[in-house]
Amino acid sequence: MSKPATPQAVRGTQDMLGEAAERFQTVVATFDRLRPLYGFGRVEVPVFEATAVFARSLGETTDVVSKEMYSFEDRGGDSLTLRPEFTAGLARAYLTEGWQRHAPLKIATHGPLFRYERPQKGRFRQFHQLDAEVIGAAEPAADVELLVLAAHLLDELGVAEGVTLTLNTLGDADTRDAWRTALVAHFEAHRDALSEESLDRLARNPLRILDSKDPRDRPVADAAPAIDDYMSAEAGAFFEKVTGGLDAAGVAWTRNARLVRGLDYYRHTAFEFVTDRLGAQGTVLGGGRYDGLIETLGGPATPAVGWAAGIERLAMLIDTPKPEHVTVALVPMGPAAEAAAIGLLAGLRRQGIAADMAYKGNMKKRMHKADASGARFAVILGDDELAKGEAAVKDLANGSQTWVRLDALAAAVRH
RNA sequence: GCGGUCGUAGCUCAAUUGGUUAGAGCGCCGGUUUGUGGUACCGGAGGUUGCGGGUUCAAUCCCCGUCGAUCGCCCCA
């Protein structure tokens with residue numbers, strides 16, 4: 001009989017154990033700890049949606065929609081897509097669940113997202129994000145609140161020092177249109193100087209030429225008209241309230257007038273927290289205001305702002321988390337002791353003490369496992385101890401050993 | 001979708017210009033020690049060298065393809 005071939009993990013997916021899993025969990029737990037401090041409620045939304053949810057909201061010409069979506073037909077012939085981002089699905093839920101009545105709605109979620117891309121450092125086909133949104137608020141105070149939360153999160157994770165907040169405004173619709181027209185005119189006038197890729201961008205998404213990494217593009221991009229020259233009074237005032245709020249909250253920021261966002265729906269505030277510690281993937285958290293999105297999904301004009309942060313990217317930046325380990329390892333000897341130890345184990349755990357017991361093995365083996373587990377104490381239970389109603393408690397750090405009554409066990413190992 | 005580098009034991013890596021039974025450390029299993037771990041010593045298991053094809057008397061090594069990893073481009077968290 002030949003052995004069956006082992007199926008491989010799908011490209012761009014990850015299996016995490018030990019430190020990798022602890023890093024991931026640390027990021028998520030930190031987010032979950034801060035979220036309620038800002039009054040953001042946890043929401044759950046589906047991992048897949050009707051394809052139109054993403055195709056319409058992200059913009060048909062974006063790479064995410066044109067070549068990176070995991071789309072498939074279900075048995076009824078409907079086109080479905082594994083979510084490539086959170087915002088569109090949350091906006092859909094806001095409309096179809098009647099969440100308008102809660103506006104302004106402050107919500108947060110986290111989970112897996114899917115994009116068909118070539119994996120590289122900090123980039124996966126199934127990746128994970130934290131996400132926070134305020135839907136139904138046109139006030140710059142919402143932008144500020146989200147940015148303060150983001151900065152607080154990075155600070156709590158201990159990565160704030162290597163990460164800087166870069167901030168820009170794309171203006172309101174009028175500003176953005178006027179600026180865009182001027183940009184296109186500028187780039188058209190210098191098209192012989194642009195890279196092939198930027199010529200392609202000129203047709204699809206001219207704003208992206210501004211942050212091109214190609215040195216050939218830099219002179220033309222750097223000479224391009226600035227949005228500030230086209231800024232309406234309202235849009236300018238909005239941006240000033242955002243930056244003023246950040247200053248008041250003590251959040252450091254840098255203006256990057258060339259920061260644009262990849263997805264079509266952004267207006268006004270756009271921001272990225274960037275680092276140089278992740279190779280080509282510098283963005284660790286990004287977002288902005290998307291006042292136009294909900295209308296593209298057939299809803300009423302609804303202002304909204306939000307951000308998402310890459311959990312894997314953050315997990316790579318944080319310090320090594322302290323590994324989890326139990327306090328007590330039970331070491332029973334013989335069938336009678338083992339039976340009694342099952343009761344002791346359950347009792348310790350019910351009293352909130354982390355305890356473990358190997359499924360099998362003689363004393364030597366169990367002691368070895370106790371040591372390897374990182375437990376502080378080995379609780380040794382043999383027939384002699386059992387007869388006396390006690391157990392030997394050995395401190396694995398210094399080797400000292402004392403005998404304590406079984407009913408005092410929990411107290412003896414609680415420190 | 002495009003380009004660079006790399007795939008040898010569970011893990012990290014060796015293996016002279018292509019040469020005979022592919023090695024080591026760690027880990028794992030057993031023993032020295034049938035009631036004491038972290039140290040030490042002894043022994044053992046574990047490989048179709050990612051997969052498929054080609055060149056050659058001979059391939060872990062050279063060539064092609066493929067899958068995967070990794071880094072970058074595009075794009076993005």
Side-chain angles (χ1 to χ4, degrees), chain A residues 2-3 5-14 17-18 27 58 61-68 84-87 110 112-131 150 163 195-198 200-201 204-205 208 211-214 260-263 271-275 278-288 306-317 329 331-334 337 358 361-386 391-401:
Chain A
S2 64
K3 280 169 65 177
T6 303
Q8 298 179 313
V10 174
R11 179 174 212 183
T13 63
Q14 312 171 81
L17 175 71
V27 172
L58 298 181
T61 61
T62 59
D63 275 22
V64 170
V65 170
S66 60
K67 58 181 198 190
E68 293 175 0
E85 58 134 39
F86 275 116
T87 305
H110 61 80
L113 304 163
F114 305 84
R115 287 182 198 171
Y116 193 91
E117 297 187 284
R118 277 287 281 275
Q120 54 180 293
K121 187 181 185 71
R123 160 177 299 177
F124 308 92
R125 286 186 173 179
Q126 177 179 331
F127 60 107
H128 302 79
Q129 288 185 345
L130 312 172
D131 186 277
V163 178
S195 66
E196 310 79 58
E197 276 148 2
S198 282
D200 192 39
R201 291 187 182 109
R204 288 188 0 254
N205 195 351
R208 301 244 39 143
D211 57 6
S212 168
K213 289 180 197 161
D214 194 317
V260 294
R261 306 257 64 214
L263 308 176
F271 54 87
E272 290 182 358
F273 287 78
V274 297
T275 178
L278 287 177
Q281 274 63 246
T283 305
V284 111
L285 184 154
W307 55 250
I311 297 177
E312 287 88 350
R313 292 183 184 178
L314 290 171
M316 285 189 280
L317 293 176
V331 179
M333 288 177 289
N362 58 28
M363 183 182 195
K364 181 184 173 68
K365 226 181 272 295
R366 287 173 187 270
M367 284 300 291
H368 182 75
K369 283 179 182 164
D371 186 53
S373 76
R376 171 75 192 278
F377 299 103
V379 170
I380 301 161
L381 194 66
D383 291 335
D384 296 349
E385 284 84 1
L386 210 48
V393 175
K394 179 165 187 171
D395 186 326
L396 290 171
N398 59 28
S400 67
Q401 185 165 308

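In what follows, chains are A, B, ... by sequence order, proteins preceding strands, each numbered from 1. Reckoned from all heavy atoms, side chains included, excluding hydrogens, waters and symmetry mates. These figures come from a predicted structure and were not determined experimentally.
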Roughly how many Å is it from [atom1] in [X] to [atom2] in [N], rounded to a whole number?
{"X": "Asp211(A)", "N": "C75(B)", "atom1": "CG", "atom2": "P", "answer": "8 Å"}
{"X": "Gln401(A)", "N": "G35(B)", "atom1": "CD", "atom2": "C1'", "answer": "9 Å"}
{"X": "Asp214(A)", "N": "G72(B)", "atom1": "CG", "atom2": "C1'", "answer": "14 Å"}
{"X": "Arg123(A)", "N": "C73(B)", "atom1": "CZ", "atom2": "P", "answer": "9 Å"}
{"X": "Phe127(A)", "N": "C76(B)", "atom1": "CZ", "atom2": "C1'", "answer": "8 Å"}
{"X": "Glu196(A)", "N": "C74(B)", "atom1": "CD", "atom2": "P", "answer": "12 Å"}
{"X": "Lys365(A)", "N": "C29(B)", "atom1": "NZ", "atom2": "C1'", "answer": "7 Å"}
{"X": "Asp200(A)", "N": "C2(B)", "atom1": "CG", "atom2": "C1'", "answer": "14 Å"}

Item checked: Arg376(A) and Asp395(A): CA distance, side-chain angles, deciding distance, side chain to side chain contact (heavy atoms under 4.5 Å, CB included) verdict -> CA-CA 6 Å; Arg376(A) 171 75 192 278; Asp395(A) 186 326; 3.0 Å; yes

Minimum-distance nucleotide to [X] side chain [options: [options]]:
{"X": "Arg208(A)", "options": "C76(B), G30(B), C75(B)", "value": "C76(B)"}
{"X": "Arg115(A)", "options": "C74(B), C76(B), G35(B)", "value": "C76(B)"}
{"X": "Arg118(A)", "options": "G35(B), C71(B), A77(B)", "value": "C71(B)"}
{"X": "Tyr116(A)", "options": "G1(B), C75(B), C76(B)", "value": "G1(B)"}
{"X": "Lys364(A)", "options": "A77(B), U32(B), G72(B)", "value": "U32(B)"}
{"X": "Arg11(A)", "options": "C71(B), A77(B), G68(B)", "value": "G68(B)"}

Check: Pairing of RNA chain B as dot-bracket, 5' to 3': ( ) intra-strand, [ ] crossing, | other strand, . unpaired, with Watson-Crick or G-U pairs under 3.5 Å?
Finding: (((((((..((((.....[...)))).(((((.......))))).....(((((..]....))))))))))))....

Next item on the list: Taking the side chain as every heavy atom from C-beta outward, state whether Gln401(A) and Ile380(A) have any atom pair closer than 4.5 Å.
Entry: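 Of all side-chain heavy-atom pairs linking Ile380(A) with Gln401(A), at least one is under 4.5 Å.
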
Check: Are Arg313(A) and Leu285(A) side-chain neighbours, meaning at least one heavy-atom pair lies under 4.5 Å?
Finding: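 Sidechains of Leu285(A) and Arg313(A): no contact.
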
Regarding [X], tell me which of base, sugar-phosphate or nothing describes its non-hydrogen contacts under 4.0 Å with the strands shown.
{"X": "Glu385(A)", "answer": "base"}
{"X": "Lys394(A)", "answer": "base"}
{"X": "Asp384(A)", "answer": "base"}
{"X": "Gly287(A)", "answer": "nothing"}
{"X": "Glu197(A)", "answer": "sugar-phosphate"}
{"X": "Leu396(A)", "answer": "base"}
{"X": "Gly374(A)", "answer": "nothing"}
{"X": "Phe124(A)", "answer": "base"}
{"X": "Ala397(A)", "answer": "base"}
{"X": "Glu272(A)", "answer": "nothing"}

Next item on the list: Quick one: pull up CZ in Phe124(A) and CD1 in Ile311(A) and give me the separation to the nearest 0.5 Å.
Entry: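 Between atom CZ of Phe124(A) and atom CD1 of Ile311(A) there are 12.0 Å.
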
Check: Say you draw a straight line from CD of Gln129(A) to CH2 of Trp307(A); how long is it, rounded to the nearest 0.5 Å?
Finding: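 Reported value, rounded in 0.5 Å steps: 10.0 Å.
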
Notebook entry, point to check: What's the shortest heavy-atom distance between Arg201(A) and Ser198(A), and which atoms?
Noted result: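 In this case the closest contact between Arg201(A) and Ser198(A) is NH1-OG, 3.0 Å.
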
Next item on the list: Taking all heavy atoms of Lys394(A) and all of Gly399(A), pick out the closest pair and write down the distance.
Entry: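 So the two residues come closest at CE-O, 3.7 Å.
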
Checklist line | Backbone N/O of Arg115(A) and side chain of Arg125(A): donor-acceptor pair under 3.5 Å | finding: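 Checked: no pair found.
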
Item checked: Whether Glu312(A) side chain and His128(A) backbone form a donor-acceptor pair below 3.5 Å ->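 Side chain of Glu312(A) to backbone of His128(A), a donor-acceptor pair under 3.5 Å: yes, one is there.
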
If the [atom1] atom of [N] is compared with that of [M], how far apart are they to the nearest Å?
{"N": "G50(B)", "M": "G68(B)", "atom1": "P", "answer": "16 Å"}
{"N": "A40(B)", "M": "G27(B)", "atom1": "P", "answer": "9 Å"}
{"N": "U17(B)", "M": "C63(B)", "atom1": "P", "answer": "16 Å"}
{"N": "U33(B)", "M": "U12(B)", "atom1": "P", "answer": "37 Å"}
{"N": "G43(B)", "M": "C13(B)", "atom1": "P", "answer": "28 Å"}
{"N": "C28(B)", "M": "G37(B)", "atom1": "P", "answer": "15 Å"}
{"N": "U39(B)", "M": "A77(B)", "atom1": "P", "answer": "48 Å"}
{"N": "C71(B)", "M": "U8(B)", "atom1": "C1'", "answer": "23 Å"}

Margin query: Counting distance alone, no hydrogens or angles: does the base of G37(B) have a donor or acceptor under 3.5 Å from a partner atom on the side chain of Asp371(A)?
Written below: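 Checked by distance alone, the answer is yes.
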
Checklist line | Phosphate OP1/OP2 of C71(B) contacted by Gln120(A) side-chain N/O (<4.0 Å) | finding: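 Checking C71(B) against Gln120(A), no side-chain N or O comes under 4.0 Å of OP1 or OP2.
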
Check: Between C75(B) and Arg201(A), is there an OP1 or OP2 to side-chain N/O distance shorter than 4.0 Å?
Finding: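 Yes.
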
Item checked: Pairwise 5' ranking along RNA chain B for Ser400(A) and Lys121(A), keeping only the more 5' one ->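 The residue whose closest nucleotide sits nearer the 5' end is Ser400(A).
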
Notebook entry, point to check: Of Met367(A) and Phe273(A), whose closest RNA chain B nucleotide lies nearer the 5' terminus?
Noted result: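 Its nearest nucleotide being more 5', the pick is Met367(A).
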
Margin query: Does Ser212(A) form a side chain to side chain donor-acceptor pair (under 3.5 Å) with Asp214(A)? I'd like the steps, not just the answer.
Written below: CA-CA 5 Å; Ser212(A) 168; Asp214(A) 194 317; 5.6 Å; no

